[in-house]
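These numbers come from the heavy atoms of this one structure, side chains and all, not from hydrogens, waters or symmetry mates. In this text the structure is predicted, and so the values were computed from the model without any measurement.
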Number of protein chains: 2
Amino acid sequence: MRQAQQARAKATVDAVVEAAARILAEAGWPAVNTNAIARRAGVSVGSVYEYFPNKQAILDVIIDRHLTEAEETLAAAASSLAGVTDTGVLVEALVAGFVRLHENDPRLHRALSSEVPVSPAQRARVEALRKRTISLLAAALAPNVSDPGIRATLLVDTADALAHRWLIDEVGLPLPADRMASEATKMLKGYLLS
Amino acid sequence: MRQAQQARAKATVDAVVEAAARILAEAGWPAVNTNAIARRAGVSVGSVYEYFPNKQAILDVIIDRHLTEAEETLAAAASSLAGVTDTGVLVEALVAGFVRLHENDPRLHRALSSEVPVSPAQRARVEALRKRTISLLAAALAPNVSDPGIRATLLVDTADALAHRWLIDEVGLPLPADRMASEATKMLKGYLLS
DNA sequence: CCAAAATCCGAATAATTGCTCAATAATATA
DNA sequence: TATATTATTGAGCAATTATTCGGATTTTGG
């Protein structure tokens, strides 16, 4: 195993990761094997093992990429909402953020969140991201609501879980997903006024 | 493959299913292989294939068992709540029902809902159960709330998703899970009054 | 242009795993 | 008790898959 130096080697690395992500999204984790990845990437198995120590390492790149995207989304939201304490605006931003995060590549998202083996370190990173989201929201709510930690936990977990269910699981809904999302927003806003 | 007739054969079948369920709960789906199942069941691989056409069939028994349990829980709740239209009582029963369903064997529950391969027929059965729960709740809400179908969808999906997250995923909470559940109940009740 | 380094190749290996089958044992039946 | 039926066994087959490695090819730097 070595580091990619030349441009074509970097292209190989990218092709391998992309091929694995596409197979994962289209056919699920059981279909992701090293020979299929190499074929799809237009590369030989040998080349795969030039740059990745094992199959799991390829998956790890995909997982890390998604976690990083989520972390950046949170950071962007936190900075653009700095100083905002209007609970209605905060709830709308929360729901919109989770919707945005889940509507990209839903098949891949589903595979990542419910097929693929996730390491303890990656689980910890997910939990840390959740905790950070809750903390930021709790701090923003603190001036206007009681029990901000409890309320923020409920808000974040509800928004995340409903976005999952409605956008990723292919589940029957009485309204389009975006209208269900505004219904959820209504519920969460009401909760903050109680 | 044959049907178990003698008592010891039925014991073998049970031991195989139980062994598979225990391995699944303790070590996850990748650890569930036929040799491990046989060893854990105190039986030889040959005996396993005497009563199950393949490995998937063992898993199917476990899945069917859980789906049946959920269906029975719904049926029991529906009959014990027949005629009830008090929205507060309905929401409390809904949350309590999902909590009860998720607090049994959470490890197994987690493996079943996010590791294991589920057939289209089984997915359909899960969706049918969800739809039936929503319909029953919507009918009970109809006299007292507007848009009962939309509201029931939101109530059921929220209660289910939060029970999952809080009881099955091992996630940090600012209060014990049961107190979080009553907080969720409060939120859902408020939503029905809006 | 040439040697060294980097990259790529893919048949072969090793390990795992679902599953079979021929032989053996236990139980039922007459 | 004798025979047939049912049940159990576990070594081994077949298929799949992750990974290796010796050698071919391409690129780089002098």
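- Residues of residues 27-37 of chain A having a heavy atom closer than 4.0 Å to DNA chain D, listed by number: A:V32, A:N33, A:T34.
- As a whole-Å value, the separation of B:K55 NZ from D:dA14 C1' is 17 Å.
- Proximity of B:S44 to the phosphate of D:dT8: no side-chain N or O atom is located under 4.0 Å from OP1 or OP2.
- Each end of the helix from C:dC1-D:dG30 to C:dA30-D:dT1 gets its own rotation axis from five pairs of C1' atoms, and the angle between them is 10° to the nearest 10 degrees.
- Within 4.0 Å of A:V43, counting heavy atoms only, lie sugar-phosphate atoms of the nucleic acid but no base atom.
- Taking a cutoff of 4.0 Å between a charged side-chain nitrogen and a carboxylate oxygen, B:R100 and B:E69 do not qualify as a salt bridge.
- Contacts of B:Y51 with the nucleic acid, taken as non-hydrogen atoms under 4.0 Å apart, involve only primed sugar atoms and P, OP1 or OP2.
- In this structure, B:Q6 reaches the sugar-phosphate backbone alone: every heavy-atom distance under 4.0 Å involves primed, P, OP1 or OP2 atoms, never a base.
- Rounded to whole Å, the distance from OH on B:Y49 to P on C:dT20 is 7 Å.
- Looking at heavy-atom distances under 4.0 Å, A:Q5 makes contact with sugar-phosphate atoms alone, never a base.
- When rounded to the nearest whole Å, the span between CE of B:M1 and P of C:dC21 equals 15 Å.
- As rounded to whole Å, 7 Å separates atom C1' of C:dT7 from atom CD of A:E50.
- At a threshold of 4.0 angstrom between heavy atoms, the contacts of A:A38 with the nucleic acid are absent.
- A:Q56 comes within contact range of no nucleotide atom at all, as no heavy-atom separation falls under 4.0 Å.
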